Every structure is written in C-alpha cells, then in structure tokens.
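All figures in this text were calculated on a predicted structure; none of them were measured in a lab. Residue indices begin at 1 and follow the sequence shown.
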Amino acid sequence: MGKVAIGAAVVCAAAAVAVTALVVRHRMRSAERWARAAAVLRELEEKCATPVEKLWEVADAMTKEMHAGLESEDVSKLKMIISYVDKLPTGDERGLFYALDLGGTNFRALRVQLGGREGRVVRQEAKEVSIPHDLMVGGSDELFDFIASALVEFVDSEGEGFHLHSGRQRELGFTFSFPVKQTSVASGTLIKWTKGFNIDGMVGEDVVSELNKALQRQGLDMKVAALVNDTVGTLAGGRYDDNDVVVAVILGTGTNAAYVERADAIKKWQGPLPGSGEIVINMEWGNFSSSHLPMTEYDNALDVESLNPGDQIYEKLISGMYLGEIVRRVLLRLAVQTALFGDTVPPQLETPFVLRTPVMSAMHHDTSADLKVVRAKLKEFLGISSTSLKARKVVVQICDIVAKRGARLAAAGIVGILKKLGRDGSGMRRTVIAMDGGLYEHYTVFRECLLAP
Ligand SMILES: Nc1ncnc2c1ncn2[C@@H]1O[C@H](COP(=O)(O)OP(=O)(O)O)[C@@H](O)[C@H]1O
C-alpha cells in the first residue's frame, strides 16, 4: 500500500510537473505571441504617423501639385479639371429643378422648388436607390436604363407643391462623381472609373449623351442641362447657404475637392475668360500622391491588388471605400503571424473588402467596458466566434490608427488648398468649407480628428 501510494504520488507529482510545464510553455507561447502582436502594432503606428511637420509637407505638396495641374494637362497627378461653372448660386433662384446624383453605391434623384431669396427651398423630395453590384461592372446601357427607369417612377410620383412652367421641358442637373473631362457645362467624357465601378466601353464617352439616350429610351421628357461633379455640386449648394463658401470637400466612398479659382490663374485655360473672372476647379484630389504620404506595406498591397494600381493613392488612404479594407489587412497579418484570433486564421478574414468602413466605425466607437460591439461585429462579419478582451482592444487600436491617419491627411489637403488661395494665415477674411459624404457625416472620430487634429 505504501509503495502504491508513493508510486501514485510520484506519478501524480510527475503529472503535476508536466501540467505545470505545459502551462508555463503555453504562457511563454502566449507572451511571445502578444510581444509579436505588439511589434506589428508598433510598426503600424510608426509607419502611419502624421506629426505636424509631415502634415505641412503634405499640405505643401498639395499646393505645388495644384499649381502644376493648373499650368498644363498631364503634368500633375492632380487633373485640376475646369468645370465650366463660372457662376455660383446667389440665393435668388426660382423654379422647379431636378438633380440626379450618381457617384457611389447609391444614386439619388431630387426635385426642388426654389422660391427666390424670401421663399428659399419651398419644397423638396428625394429618392435613393442602391445600385446592384452587377450593374457597376456590366454594360453602359444597362446602368443608364436602370437609372432612367427610376427617374420615370420619380417623376410619376410628383405630388402637390411642384410647378413646372407650362411648355418647359424638365431639366436635370447631373452630378456624376467620377473623373470626367468636361467639354462644356452640359457635356463631358469619362476619364476612368473609380470606387469599384468598371463598365466596358465607357471611358472616352460623353456621359451626358449616355443618360439623355436612356431618358429617351424610357420615354421621359427630361434632358440634362448641366453636368457637375458632386464636389462642384456641394460647392454650389454650400454657396447657396453661405456666401463665404469657397472650397468643398467630399469624404464618402471616395474623396474629392473643388474650389473657386481666379480664371487668370489657370494657365492652361484657352479661350476667353469668363465674365465673373472666376471658375470652379474640380481637383480630383483622390489621385494626389506624394513621397510625403505615410504609406505602409498594407497600403502598397491594397494598391497593387486594386482595380486601379498606382492611381487614387490619396483616396486609398483616406476614403470610406478603403479604411475598413486596410484594417482587414492588418488583422489578417496579426491572425497569421500572432494567432490573434486563435490557432486557425478565420477564413472570412481573407476575403478582400469584407470589413466595410461602417463596421470599422461601429467597432471604433464601442465604449462598452468589455467591447461587446467589437465582439459582435467580429462574429457577424468575420465569423470569429471567440475573442479575448485584449484582442478586441488591439482591433480598436488598429481602427484608431488607420482612421486618424486618414482624417489628418484629409485635413492637410484642405490646408494645401487654403495655402493656394492665400487664405491660410490669420486675419484673413472668413473662409467656409462645405463638407459632405457619409464618412465625414457618420464616422465621428474621423470627423472630430479632421476638425481638431
Ligand atoms: N456609419 C459609418 N461610419 C463610417 N463610414 C460610413 C458610415 N456610413 C457610411 N460610411 C461611408 O460613407 C460611404 C457613403 O458615402 P456617401 O457620401 O453617402 O455616398 P457615396 O457612395 O456617393 O460616396 C460608405 O461607402 C462608407 O464608406
């Protein structure tokens, strides 16, 4: 009995030692993994850093590129497109106007009855339709017929309070938020698709004529009276509300900026200068690129694997289409190299664009002590069923680094425009910037960081 007990005790002791050794080894492995995760995070933080000196460099580079883009075509990454809009609203406008806004995942139709300076916006109605993904990469007729048929329904649903002057054809302002070479106020050819659109045979075509043809095919008595970029539209809308608006910036699926330039500062302008002496420039700033931009291996890989490698570099750092995807790439690296989400890499995490920016934003804004929103989103969108609080904190930290880099770079771009306008110093006249876009509107941390970096 004694021997058996001793033997059992010895066995037991040996097992205990083995178990202890296992625990220690696991702890060491876990400590090692966290150390590696911390190193990946540290590196991300360093590479994404945007100290004030760097932001000034980015702002200066933006100003320089603006000058180059106004000088002549094709010398700068900034196209600095002349919009042909030389008059902005004064607030005195009257009548029934229609608008169509196409530039991302949704399009919007709008009708508005303007009642002059006193009446202002008497009445307005809008309709929003999401674009099925297959139409974003299909044929041109299919996309424009889809839009025109939605406009038919919109006009059919017109209620009380909207008055078209008798005998007048319905006129539409077409906001088309892709790079276009404008040829007049109501015509322009597509330069390239961005933001996930890729429709065969459209590059080089007049987008107004494509829409007019579709309106005819659908039997709607309406014609496009003006083609404006969404940023130019935002500038016009901003000016309608406030006379000091001179710049507009969009931060949504993509990003862009427009501003009012002195016509005589546009060296590449040919022909008579407009009477107003001013013209709106559509910068297409999403294509801005500079060696001063803080790029990481994740950004480079995202760019190389994108539909438009080498293009839209600034947009790929700051806009809603890409922020979530950058975060996904960092998380994938952590999952593979440090087993952040357990011993196997969650398969969904390998799917490009599975982590959308609104989901990133929801996780970033999670204020619960145990980060339950992060837990729920990781489960819902990435199929990660169990996470430690520590891992969830890492996720939030990555969102923070990526979002704040984007917001600070966007702010630096705005400063670049103000420098070009000579409105960056103190004691200058009041300058108002019209901001729009879902990213700016809904991503609070991003917006607050942009406003007070
Ligand atoms: N809650 C949110 N948090 C962060 N980003 C958001 C949120 N909601 C929308 N967004 C971003 O805004 C984009 C939509 O922007 P919006 O200006 O409405 O349309 P567009 O697709 O024409 O740019 C989305 O693709 C997304 O990237």
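In terms of the side-chain contact (heavy atoms from CB on, under 4.5 Å) criterion, residue partners of A335 (sequence neighbours excluded) are, by chain and number, F341, V345, P346, L349. Annotation: ring-ring contact (aromatic ring centres under 6.0 Å, His included) contacts of F288 (sequence neighbours excluded): Y314. Annotation: salt bridge (charged side-chain N to carboxylate O under 4.0 Å, His left out) contacts of K419 (sequence neighbours excluded): D60. Partners of N243 according to the side-chain contact (heavy atoms from CB on, under 4.5 Å) rule, which considers only residues two or more places apart in sequence or in another chain, are R239. Annotation: ring-ring contact (aromatic ring centres under 6.0 Å, His included) contacts of Y443 (sequence neighbours excluded): H364, H365.
Of the possible donor and acceptor atoms, none in the side chain of T255 sits under 3.5 Å from a partner among the backbone N and O of L251. Side-chain N or O atoms of T357 include one that pairs as donor or acceptor with a backbone N or O of G320 at under 3.5 Å. The backbone N or O of Y440 lies less than 3.5 Å from a partner atom in the side chain of R447, making a donor-acceptor pair. In this structure a side-chain-to-backbone donor-acceptor pair under 3.5 Å is missing from R111 to Q124. Counting only distance, with no hydrogens or angles, the side chain of N256 and the backbone of E284 share a donor-acceptor pair below 3.5 Å. With S368 contributing its side chain and L371 its backbone, the two residues share a donor-acceptor pair below 3.5 Å. Of the possible polar contacts, none joining the D200 side chain to the G139 backbone as a donor-acceptor pair under 3.5 Å is found.
Screening residues 420-431 for salt bridge (Lys or Arg N to Asp or Glu O under 4.0 Å), with sequence neighbours left out, gives D242-R430, D244-R429, D244-R430, E261-K420. Residue pairs satisfying the salt bridge (Lys or Arg N to Asp or Glu O under 4.0 Å) criterion with at least one member in residues 182-197, sequence neighbours excluded, are listed as follows: K192-D311. Under the side-chain hydrogen bond (donor to acceptor under 3.5 Å, both in side chains) criterion, the residue pairs touching residues 292-304 are E57-H292, T296-D299, E297-R333, D299-R405, D303-K316, with sequence neighbours excluded. Residue pairs meeting the side-chain hydrogen bond (donor to acceptor under 3.5 Å, both in side chains) criterion with at least one member in residues 68-86, sequence neighbours excluded, are E65-S76.
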Chi angles and distances behind the salt bridge (Lys or Arg N to Asp or Glu O under 4.0 Å) call for K372, D366: CA-CA 7 Å; K372 55 172 171 287; D366 185 358; over 6 Å; no
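Within a 6.0 Å radius of CH2 in W56, other residues, nucleotides and ligands contribute 12 heavy atoms or fewer. Within 6.0 Å of atom NZ in K268, more than 12 heavy atoms from other residues, nucleotides or ligands are found, so the atom counts as buried in its surroundings.
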Report all side-chain donor-acceptor pairs from residues 374-387 shorter than 3.5 Å, counting only partners two or more places apart or in another chain.
unit_1	atom_1	unit_2	atom_2	d
R375	NH2	D370	OD2	3.2
T387	OG1	R392	NH1	3.1

Show me the donor-acceptor pairs within less than 3.5 Å that the side chains of residues 204-211 make with the rest of the protein, sequence neighbours left out.
unit_1	atom_1	unit_2	atom_2	d
D206	OD1	G188	N	3.2
D206	OD1	V208	N	3.0
E210	OE1	S140	OG	2.8

Would you give me the side-chain donor-acceptor pairs under 3.5 Å for residues 39-52, sequence neighbours excluded?
unit_1	atom_1	unit_2	atom_2	d
E43	OE2	K47	NZ	3.0
T50	OG1	R408	NE	2.7

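Here the straight-line distance linking atom CD1 of I199 with atom CG of L143 works out to 4.5 Å at 0.5 Å rounding. Taking CD1 from I250 and CH2 from W285, the interatomic distance works out to 10.5 Å, rounded to the nearest 0.5 Å. A distance of 13.0 Å separates OH of Y322 from CG of L439, quoted to the nearest 0.5 Å. Put simply, CG on L70 and CH2 on W269 are 12.0 Å apart, with the number rounded to the nearest 0.5 Å. Here the OG1 atom belonging to T253 is positioned 8.0 Å from the CZ atom belonging to R356, to the nearest 0.5 angstrom.
One finds no salt bridge joining E278 and K87 here, because no Lys/Arg side-chain nitrogen approaches an Asp/Glu carboxylate oxygen to under 4.0 Å.
Side-chain rings of F176 and F178 approach one another, their centers coming within less than 6.0 Å.
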